[in-house]
Protein chains: 2
Amino acid sequence: MNITRAWEILKDNGYKKTDKRELILNMFEDTDKYLTARDLLTVLKKDFPGMSFDTIYRNLSTFVDLGILEETELNGERNFRMHCESEHHHHHFICMECGKVKEISVCPMEMIQEKLPDCAIESHKFEIYGKCQNCVHETV
Amino acid sequence: MNITRAWEILKDNGYKKTDKRELILNMFEDTDKYLTARDLLTVLKKDFPGMSFDTIYRNLSTFVDLGILEETELNGERNFRMHCESEHHHHHFICMECGKVKEISVCPMEMIQEKLPDCAIESHKFEIYGKCQNCVHETV
DNA sequence: ATTGTAAATCGTAATGATTATGAATTAGAA
DNA sequence: TTCTAATTCATAATCATTACGATTTACAAT
């Protein structure tokens, strides 16, 4: 997902273009990591001291609802990142050191459905945590 | 994991036998669902009005540390259940209706490691959510 | 059985993330 | 330029979790 597409979606759904939304979206464009509301607040407060909790949280939820961002829960906190472009279903490897994310195309769900013949599977979470190439070589 | 084994582990690690711990463990013995701290508190407060937050949370953490309970995060809350007996690695299907849990022996991690040759995989979360046999037939 | 002491509990307060509210401001259309 | 709904600001409320000091309790040693 790129910024241009994000604004299209917002406009199509009747959302206005504001400088706060622009700041938030820019932070996600610049990185492929998951960010928390606190991450955003800490950075954006420097340039925009008036930035409030409400603005961050409300917009993050809006962006997720519109499919601009995707979220996952890590250590009890909501984490956000740009929604992946890939049209095919996939999962993520998340580096716990630097926060970078890699797409993994393997998904075990076909195998799983036949193991649970009478269950209605509604969703699943499959995430792998560890250290990426760069971080695994660092001397901590 | 049964209660007897749980007490053994506690004793071996120098923890005392208290009526509060007994109440908590009994609640887990009676069910195969994940329970939150609030679930425990709500039930136990009836018979034991003095039961405090601290007691519940501290003991839950102790039990997890000792491998008596296992936990996962659902909807931003810590959920606990008896640690599975199964000695082999497995994952869970969790019914979002009644909370029951099924073991799933399939694990896709062997496939995954070769897709991430230079990464140090430290852990993974693979959970499937939906409705179990019983709940899928209920008219909501 | 009694006592001593570390562990556990109680009652409550603090913390941290998230959500909600009401007044003031602003984007964008008329 | 003006109007109005959307957005933001500032702050408070909520919810889960963790922490603290005083009191109580389990249990081992006497």
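In what follows, chains are A, B, ... by sequence order, proteins preceding strands, each numbered from 1.
Contact annotation: the side chain of A:Y129 approaches that of A:L74 to within less than 4.5 Å [non-hydrogen atoms, C-beta and beyond]. Contact annotation: the side chain of A:E85 never approaches that of A:E103 to less than 4.5 Å [non-hydrogen atoms, C-beta and beyond]. Between B:E127 and B:E73, every side-chain heavy-atom pair lies at or beyond the 4.5 Å cut-off.
Residues of residues 14-29 of chain A that place a heavy atom closer than 4.0 Å to DNA chain C, in numerical order, are A:K16, A:K17. Non-hydrogen atoms lying under 4.0 Å from DNA chain D are contributed by B:R38, B:F53, B:D54, B:Y57, all within residues 35-65 of chain B.
Side-chain contact annotation: A:T62 with A:D65, donor-acceptor N/O pair under 3.5 Å absent.
One interatomic measurement links the two molecules: CZ of B:R78 to P of C:dG16, which rounds to 16 Å at whole-angstrom precision. Rounding to whole angstrom units, CD of residue A:E77 and P of C:dT19 are separated by 12 Å. The interatomic distance linking B:E73 (CD) with C:dT18 (C1') rounds to 14 Å, in whole Å. Atoms NZ (B:K11) and C1' (D:dA26) sit 11 Å apart, rounded to a whole Å. Atom CG in A:N13 sits about 17 Å away from atom C1' in C:dG28, given to the nearest Å. The interatomic distance linking B:N75 (CG) with C:dT19 (C1') rounds to 16 Å, in whole Å.
Applying the ring pair (Phe, Tyr, Trp, His ring centres under 6.0 Å) test to residues at least two apart or on different chains, the pairs with a partner in residues 92-111 of chain B are B:H90-B:H92.
Within the 3.5 Å criterion, the main-chain N or O of B:I9 finds no donor-acceptor partner in the side chain of B:D12.
In this structure, OH in A:Y34 is found 5.0 Å from CD1 in A:I94, a value given to the nearest 0.5 Å. One finds the OG1 atom of B:T55 at 12.0 Å from the CG atom of B:L40 (value rounded to the nearest 0.5 Å).
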